[in-house]
2 protein chains.
Amino acid sequence: MSVRILIVDDHPLVLEGLKSLLADAEGVRVVGTATNAIDAIAFLKNNEVDIAFLDINLPDISGIDLCKKVKDQFPEVKTLALSTFNERAYVSRMIQNGASGYLIKSSGKEDILEAIAQVQAGGYFMNVQFDQVTPATAPKTVPFLTRREKEVLVLIAEGLTNPQIAEQLFVSVTTVNSHRQNLLIKFEVSNTASLIKLAAGLGLI
Amino acid sequence: MSVRILIVDDHPLVLEGLKSLLADAEGVRVVGTATNAIDAIAFLKNNEVDIAFLDINLPDISGIDLCKKVKDQFPEVKTLALSTFNERAYVSRMIQNGASGYLIKSSGKEDILEAIAQVQAGGYFMNVQFDQVTPATAPKTVPFLTRREKEVLVLIAEGLTNPQIAEQLFVSVTTVNSHRQNLLIKFEVSNTASLIKLAAGLGLI
DNA sequence: CGAAAAATCATGCTTTTATAGGATTGATCT
DNA sequence: AGATCAATCCTATAAAAGCATGATTTTTCG
C-alpha cells in the first residue's frame with residue numbers, strides 16, 4: 001500500500017511542483033492538497049492521511065501552530081515541515097510541536113523521497129545545514145513570547161516609542177519597558193535593531 | 001511558433017511547478033531552467049529565449065540585479081519577476097531595471113498564462129494588490145543608498161551602537177550618526193526599529 | 001485551591017538615539 | 001571651472017532606550 005500524502009501550501013507552484021515530483025514515484029500517492037489551515041483540518045477529518053507536508057507560512061495561521069493542531073487532533077498523521085528558510089529556530093519549534101521532519105523548499109527530488117521514507121518508517125528527516133547560514137546573533141530557538149510581548153514587539157516594529165505603545169495599550173510606560181526588556185532577554189540581544197532583525201527573519205512581524 | 005521560456009529559480013519545487021503548469025499549455029515551451037544567475041546568463045548566451053522568469057531571491061545575486069544584467073546583455077529577452085512577496089518596493093525596482101512584469105508565487109495558472117501572453121505581446125503584467133499588505137510606513141521605492149550608508153545599515157542591524165560602528169569603520173561617532181540620520185530620512189522613518197524592519201523586508205540585511 | 005507565570009507598576013541612573021544646524025574636503029560629472 | 005554629491009567632522013539638546021532591582025496583582029492551570 002502506498003503512502004498517502006496531504007500537501008498544505010498556499011503557493012500553487014509549490015503544490016504543483018510537489019505533486020509532479022511525487023506523481024511518478026513509487027509507493028507514494030498525493031491524496032489531497034490544501035492552501036490554508038482550515039481546509040487542511042477539514043480534509044484530515046474526512047480522509048486518511050499518512051504524512052502531511054505543512055508549509056511554514058500559511059495565510060491563516062502559522063505552520064508551526066497548524067502542526068500542533070494536527071498532532072493534537074490527528075496524532076497518527078505524521079507531519080513534515082516545508083520552509084523556504086534554513087532556520088534553526090523554525091526547526092526546533094516544529095519538532096517541539098511534533099513534526100517528524102523539516103524540508104527546505106530548495107530540496108531536490110531525492111531528498112523529498114528520502115524524507116518520506118524516513119518519516120513513514122517512524123524516523124525523522126531534516127536536510128538543513130545551519131552553520132553557514134545562521135548568524136552568530138541568532139538565538140538557539142524561537143523564544144516563547146507571551147501575548148503581551150508579541151503585541152509590544154509588533155508595535156516596536158511599527159516604529160512606536162515606549163510612550164506611544166503605552167498609550168495604545170492603556171498601560172504605563174514602565175510596563176511597556178518591562179516587556180521590552182523581556183524581549184531583549186528572550187532574544188538574547190542588547191538593542192532594538194538586533195531584536196527587529198531577528199524578529200523579521202523569523203516572520204514574527 | 002511557441003513562446004520560449006527560461007525559468008531561473010533556486011527552488012526545484014518552483015521549477016517543477018512552473019514546468020508542470022506550462023507543460024500542457026499551448027504555445028508555450030520551457031526551453032531551459034537555471035538555479036542561479038551565472039547559469040542563467042550562460043544559458044542565454046547559447047540559446048534563444050523569449051521570456052525569462054526571474055526569482056527575486058537567488059543564491060548568487062539578487063533577481064533585481066540579474067534583471068538589469070539580462071536587459072543589458074540580451075535586450076530582446078523579456079523578463080518577468082517571480083517573488084514570494086507582495087512588495088511595492090520590489091516591483092518598482094524591477095520595472096526600473098527593465099522587467100515586463102511581476103508575478104507573486106501564489107499566482108494561479110491563469111495568471112501565469114495571462115502574464116506570458118501580455119508580456120509576449122509587448123505589454124506589462126502584474127498581479128499584486130498592494131494596499132492591503134503594504135504598511136503605511138513603507139517608502140514608495142527602495143531608497144538609493146550610498147556605499148557608506150549600506151555599511152552602516154548592516155552594522156546597525158547587527159546590533160552595534162554608534163560608538164562601536166565608528167570604531168569598526170575608523171571614523172568618528174558624528175560621522176556614523178550622520179549616515180544614520182540620512183538612512184532615517186531616506187527610508188522615511190523616525191527610528192531604528194522601523195528602519196530595520198523595512199530594510200529586512202527589502203532583503204537589504 | 002495553590003503554585004507558577006504573566007502583567008502590572010515604580011525609582012534611579014547611564015547610554016544611545018534623534019534632531020537641529022552647520023562646515024570642510026574630495027571626487028565626479030558636465 | 002563650477003556644480004553636485006559623498007564623506008567627513010563639529011556642537012548642543014531633548015528624547016528614548018537600556019540596565020538594575022524590586023514589588024504587587026491577576027491569570028492560568030494542574
Side-chain angles (χ1 to χ4, degrees), chain A residues 65 68-69 71-73 93 96-98 137 139 141-200 204-205, chain B residues 96 136-137 139 141-200 204-205:
Chain A
D65 292 337
K68 196 179 172 64
K69 273 197 167 50
K71 294 306 285 189
D72 281 354
Q73 295 182 42
R93 273 294 277 283
Q96 216 174 304
N97 282 350
T137 52
T141 58
V142 175
F144 169 77
L145 300 183
T146 67
R147 185 194 100 248
R148 229 28 174 177
E149 284 161 1
K150 282 181 205 163
E151 287 173 10
V152 171
L153 175 59
V154 169
L155 294 174
I156 292 171
E158 282 177 10
L160 302 200
T161 66
N162 282 347
Q164 290 170 329
I165 296 171
E167 198 182 350
Q168 186 108 22
L169 298 180
F170 303 108
V171 297
S172 82
V173 176
T174 55
T175 301
V176 175
N177 198 46
S178 287
H179 293 311
R180 190 167 193 142
Q181 299 310 319
N182 288 333
L183 284 167
L184 294 180
I185 293 168
K186 288 188 177 179
F187 278 89
E188 294 173 30
V189 294
S190 60
N191 61 36
T192 303
S194 308
L195 173 69
I196 298 300
K197 185 192 166 194
L198 280 182
L204 263 39
I205 50 181
Chain B
Q96 217 174 304
T137 51
T141 59
V142 176
F144 168 77
L145 300 183
T146 67
R147 185 193 100 250
R148 230 26 175 175
E149 284 161 1
K150 282 182 204 161
E151 287 172 11
V152 171
L153 175 58
V154 169
L155 294 173
I156 291 171
E158 282 177 10
L160 303 199
T161 66
N162 283 347
Q164 291 171 328
I165 296 171
E167 198 182 352
Q168 186 107 26
L169 298 180
F170 304 108
V171 296
S172 82
V173 177
T174 56
T175 302
V176 175
N177 199 45
S178 286
H179 294 310
R180 188 167 194 142
Q181 298 313 316
N182 288 334
L183 284 166
L184 294 181
I185 292 167
K186 288 188 177 178
F187 278 89
E188 295 175 29
V189 295
S190 59
N191 61 36
T192 303
S194 305
L195 174 69
I196 298 301
K197 185 193 167 193
L198 280 181
L204 263 39
I205 49 180

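Every chain is numbered from 1 and lettered A, B, ... according to where its sequence line falls, protein lines coming before strand lines.
- With rounding to the nearest 0.5 angstrom, the OG1 atom of Thr161(A) is 8.0 Å from the CZ atom of Arg180(A).
- In this structure, CG of Leu195(B) is placed 12 Å from P of dT17(C), rounded to the nearest angstrom.
- For the helix from dC1(C)-dG30(D) to dT30(C)-dA1(D), the angle separating the two terminal helix axes comes to 70°, with each axis derived from five pairs and the value rounded to 10°.
- For the pair Ala193(B) and Thr192(A), the tightest heavy-atom approach, listed with the atom from each and the gap, is CB-CG2, 3.7 Å.
- Counting to the nearest Å, the C1' atom of dG18(D) and the CD1 atom of Ile185(A) are 11 Å from each other.
- Leu153(B) has its CG atom 13 Å from the P atom of dA7(D), to the nearest Å.
- The phosphate of dA16(D) (OP1 or OP2) has no side-chain N or O of Asn162(A) nearer than 4.0 angstrom.
- Here the C1' atom of nucleotide dA20(C) and the CZ atom of Arg180(B) are 17 Å apart, to the nearest Å.
- By the side-chain contact (heavy atoms from CB on, under 4.5 Å) test, Gln168(A) is found to be paired with Leu155(A), Leu160(A), residues two or more places apart in sequence or in another chain being considered.
- Across every non-hydrogen atom of Lys150(B) and Leu145(B), the tightest pair is CE-O, 3.7 Å.
- Taking atom CG of Asn191(B) as the reference point, atom P of dG18(D) lies 10 Å away to the nearest angstrom.
- The two residues Phe187(B) and Leu198(B) have their closest heavy-atom pair at O-CD1, 3.8 Å.
- Distances from the side chain of Leu184(A) to the nucleotides dA18(C), dG18(D), dT16(C) place dG18(D) closest.
- Contact between Val173(A) and Pro163(A) at its shortest, heavy atoms only, is CG2-CA, 4.0 Å.
- Applying the salt bridge (charged side-chain N to carboxylate O under 4.0 Å, His left out) criterion to Arg148(A), with sequence neighbours excluded, gives Glu151(A).
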Under 4.0 Å protein heavy-atom contact, by nucleotide of nucleotides 25-30 of chain D - B base, S sugar-phosphate only: ------
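- When the side-chain hydrogen bond (donor to acceptor under 3.5 Å, both in side chains) test is applied to Ser178(A), no partner is found at least two apart in sequence or on another chain.
- The separation between Ile156(A) atom CD1 and dT17(C) atom C1' is 15 Å, rounded to whole Å.
- Within a 6.0 Å sphere centred on CD of Gln181(A), other residues, nucleotides and ligands contribute more than 12 heavy atoms.
- Using a 4.5 Å heavy-atom threshold, the side chains of Asn182(A) and Thr146(A) count as separate.
- Rounded to whole Å, atom C1' of dA17(D) lies 11 Å from atom CD1 of Ile165(A).
- What separates CG of Leu145(B) from C1' of dC5(D) is a distance of 15 Å, to the nearest Å.
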Quick one: what's the B/S/- string for nucleotides 5-15 of chain C, heavy-atom cutoff under 4.0 Å, read 5' to 3'? -SSBBBB----
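- Judged by distance alone, with hydrogens and angles left aside, the side-chain atoms of Asn191(B) form a donor-acceptor pair with the main-chain N or O of Ser194(B) at under 3.5 Å.
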